[in-house]
Amino acid sequence: AKKPRPKPSDPAGPWVTSSLPVVTDAMSEHPNRDVLGEVFADDRFARSLSANLSEWGGGWANAVATPGAGDLNFLGAVHGGFIYAVADIALSVASNSWGRICVAVSIDVHYLAPAVLGDRLAVSAHEQSRGRNIATYALKVRSDHKLLATATDVRSEEHTSELQSH
């Protein structure tokens with residue numbers, strides 16, 4: 001019998017700070033799980049932001065990051081570009097978690113509250129729908145259980161290309 005797929009944990013809960021993917025659902029049986037994990041762990045941009053992929057599975061991903069002094073804007077708050085970048089890292093993993101190359105078409109971000117130096121950002125990205133060529137995702141960015149931003153994302157999937165490690 002097929003096991004029910006567990007729901008991903010809330011990233012605003014206990015922090016998982018591993019820089020490697022954590023196996024948490026039916027994706028552990030995916031034949032390319034290890035290859036995808038290597039691809040996601042090799043994200044140089046995520047490393048440059050000190051962003052960590054805390055967990056992921058088919059159609060979802062959670063990431064965490066703590067902004068530093070160089071990530072503040074001239075008002076002293078965390079720059080929206082940093083928040084967007086960490087969000088896009090989670091969205092990239094969620095959308096590519098099926099093993100096919102998937103790229104952003106558009107993203108609509110709503111900044112609801114400022115993040116400040118020392119805040120630990122928790123990002124969750126979840127697939128809302130996936131068709132033959134287009135998928136949509138919902139995203140939340142939190143810090144200390146405060147909702148900082150939400151976003152909706154549209155991605156295009158390339159059915160002829162599979163993700164591979166370098």
With sequence neighbours excluded, what pairs up with [X] under the side chain to side chain contact (heavy atoms under 4.5 Å, CB included) test?
X	answer
Leu112	His110, Leu147, Thr150
Ala65	Ala51, Phe82, Val86
Ala61	Leu53, Trp56, Val93, Ala94
Val154	Val105, Ser106, Ile134, Thr136

Validation row: [X], [Y] side chains within 4.5 angstrom (heavy atoms):
X	Y	value
Thr152	Leu139	no
Arg47	Asp42	yes
Ser97	Trp60	no
Ile107	Leu91	yes
Ile89	Val123	no

So which heavy atom on [X] is nearest to which on [Y], and how close?
X	Y	result
Gln128	Tyr137	CG-C, 4.0 Å
Arg120	Val64	NH2-CG2, 4.1 Å
Lys146	Pro114	NZ-O, 3.5 Å
Asn62	Ala125	OD1-N, 4.4 Å
Leu117	Gly68	CD1-C, 3.4 Å

Working to the nearest 0.5 angstrom, can you tell me the gap between [X] [atom1] and [Y] [atom2]?
X	Y	atom1	atom2	value
Ile83	Ser143	CD1	OG	9.0 Å
Leu49	Leu121	CG	CG	10.5 Å
Arg100	Ser156	CZ	OG	13.0 Å
His126	Asp153	NE2	CG	13.5 Å

Which pairs, with at least one residue in [range] and sequence neighbours excluded, count as a salt bridge (charged side-chain N to carboxylate O under 4.0 Å, His left out)?
range	result
residues 89-98	none
residues 101-119	none
residues 62-79	none

Scan for side chain to side chain donor-acceptor pair (under 3.5 Å) pairs involving residues 74-93, sequence neighbours excluded, and state none if there are none.
->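 Every pair satisfying side chain to side chain donor-acceptor pair (under 3.5 Å) with a residue in residues 74-93: Asp88-Arg155.
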Is Val116 reachable from Leu72 through a run of hydrophobic residues whose side-chain heavy atoms are each under 4.5 Å from the next?
->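 No.
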Decide yes or no on side chain to side chain contact (heavy atoms under 4.5 Å, CB included) for Tyr111 and Leu148, but give the supporting numbers first.
-> CA-CA 6 Å; Tyr111 297 99; Leu148 301 175; over 6 Å; no
Under the 3.5 angstrom rule, does the side chain of Asn52 hit a backbone N or O of Ser54 as a donor-acceptor pair?
->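 Not at all, since once roles are kept as given, no pair shorter than 3.5 Å links the two residues.
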